[in-house]
Amino acid sequence: MIFRFLTSGESHGKCLNAIIEGVPSGVKLDIEFLNKELARRQIGYGRGGRMQVENDRVQILSGVRHGISTGAPIALMIENKDWDNWQIPMSVLPVEQTEENIKLINDKKIKNVRPGHADYAGALKYNHTDIRNILERSSARETASRVAVGAVAKTILKDFDIEGLSCVTQIGEAKADLPSDIFELKEKIESSDLRTFDDALYENMKKEIDKAKENGDTLGGKFTVVFKNLPVGLGSFVHWDRKLDGLIAQAVMSIPAVKSVEIGIGSKAAQTLGHDMHDEIYIENGKYIRKTNNSGGIEGGMTNGEDIIVSAVMKAIPTMKKPLNSVAIDKKESVQAHFERSDTCAVAACSVVAEAMIAIVLADAMMEKFSHDSISEMKSDYENYLKRIAER
Ligand code: EPS
């Protein structure tokens, strides 16, 4: 991996951070673009109260001078506004054991695990009796850092005209087929707080969310991310850990609550005959073209020049107002699961996070293919490669 990153930070800690290694020098970073990406993640009908508290903004702390990357690691920080309300229970340093502080800390302790979340296995694995120690880091709030990193990856990809977009195709029972070209519907998708493309579908999705909310329940859905203008030959067939579809699947599956990832027609491939499955190749004006894209832009673990199409399913969020039967991990008692403010549905946000994760994988694949110490070197290597393959 060349474009690498780590994140740190707790949901109600002081801030979320990321350190990115491998950004070429000479990349022009627009902080407003990074902030816009963060705002896209915050939107979504059915999201909870936290999104009213936060207005995610990123600060770049290193690796950039006068808006241009130097090639050094880039550190990013997003402050949690909610930290103001959590300074004592989430203090990094030991706090004075006053009656008031002890109460503040005890009030935020959690014993009752939420089925479906990281609580149960996390508490046993890391030997905690206060599940807050698990909840804080396993919270999907961490994905704000990933979106900031993804915005840096997208900036690199933009230099090569590579662009991505996501849309939501299903929430609960409300669903529609993926339109043939989602980029044509970009404005509509970006203006929809469910990132969808059809008015009737939008209304049905809202009804599904409202119904779940009334019942103290949550619900998931399905989304698709498309990236276009990829050169042929990113990734490789020669080793399992160099296959681009495998890398994308891992990156998207690592997003909290994602339960399945599909490339191209995905699970429909199970019932599709070979003649209908594979995208025939034609020659038009001296160029190789396809009329279908069932393989979702990846063959043999490599890009084939067609759009990359990735769909994923997000399960219903496990934090629910009407809780499930569960256990208290300190006393081994049967209880109701813990409830804390949460989202009813966050599929639209999840699709923005998936865009970011795929952008990260693609930026890394571009760097693996082309020299990458500086963006100008990367561009000239890329141009030479395009020239070479155009002659074939
Ligand atoms: C989230 C912030 C969190 C949750 C949500 C995602 O904030 P809080 O816990 O203060 O409400 O709303 O996380 C989950 C639902 C989860 O289960 O992890 C965010 O910024 O996206």
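Start at 1 and go down the list; that is how both ligands and their atoms are numbered.
At a 4.0 Å heavy-atom cut-off, the residues surrounding ligand 1 are S11, H12, R41, R47, R50, M51, H117, S139, A140, R141, I317, T319, R341, S342, D343, listed by chain and number.
D82 and N85 share a side-chain donor-acceptor pair at under 3.5 Å.
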In a table with atom names and distances, give each donor-acceptor pair under 3.5 Å that connects a side chain of residues 271-278 to protein atoms at least two apart or in another chain.
residue, atom, partner, partner atom, Å
T272, OG1, K268, O, 2.7

Only pairs under 3.5 Å count here: list side-chain donor-acceptor contacts from residues 245-266, not counting sequence neighbours, and write none if there are none.
residue, atom, partner, partner atom, Å
S254, OG, R146, NH1, 2.9
S254, OG, A251, O, 2.7
E262, OE2, S267, N, 3.4
E262, OE2, S267, OG, 2.9

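By the 6.0 Å and 45° rule, K228 stacks over the aromatic ring of F183.
Applying the side-chain contact (heavy atoms from CB on, under 4.5 Å) criterion to F237, with sequence neighbours excluded, gives M302.
Taking the six-membered ring wherever Trp is involved, the centroid distance between the rings of Y288 and Y282 does not fall below 6.0 Å.
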